[in-house]
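I have placed the structure first, in the form of structure tokens, so that the comments after it can refer back to it.
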Amino acid sequence: MLVGLDGVHVIAVERDDANGALTVTVESAPRLEGCPRCGVVAVSLGRPVVELIDAPMAGRPVRIRWRKRSWRCPGSRLVLHPKVLFTVTDTAPVPHPP
């Protein structure tokens with residue numbers, strides 16, 4: 001609810017004492033993900049951090065960091081198709097400054 005994206009939750013909030021800025025770190029809940037090409041259950045490659053938005057909240061600068069899951073299709077090892085790497089996507093609109 002805080003970041004306006006379904007399926008993600010806040011895992012950390014840090015404040016920079018020098019300027020009062022907040023960094024909010026979010027991640028998606030663990031779940032099974034299928035390959036977009038063949039549907040085989042994918043293997044997690046970890047959670048690289050993606051800067052999602054940099055916007056003010058309650059008069060403070062806020063940086064939102066998304067620990068976004070990345071995946072590999074094991075079907076590529078089975079020669080079902082060429083290697084497929086992908087990340088979790090979200091269809092919610094990303095807020096933009098007015």
Tell me whether [X] shares a hydrophobic cluster with [Y], the cluster being built from Ile, Leu, Val, Met, Phe, Trp, Tyr side chains joined at under 4.5 Å.
X   : Y   : result
L22 : I11 : no
V13 : V62 : yes
V26 : V49 : no

(request) Quick one: closest heavy-atom pair of R67 and R47, and the distance? (result)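 Heavy atoms of R67 and R47 come nearest at O-NH1, 3.3 Å.
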(request) Can you see which heavy atom on R31 is nearest to which on W71, and at what distance? (result)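 Reported closest heavy-atom pair: O-CH2, 3.5 Å.
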Review item, side-chain donor-acceptor pairs of residues 38-46, under 3.5 Å, at least two apart:
residue	atom	partner	partner atom	Å
S44	OG	G46	N	3.2

(request) Please tell me if the side chains of R69 and E33 come closer than 4.5 Å, counting only heavy atoms from C-beta onward. (result)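 They are not in contact (no side-chain heavy atoms under 4.5 Å apart), so the answer is no.
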(request) Drop me the distance from E14's CD to R63's CZ, to the nearest 0.5 angstrom. (result)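 Here the interatomic distance stands at 12.0 Å.
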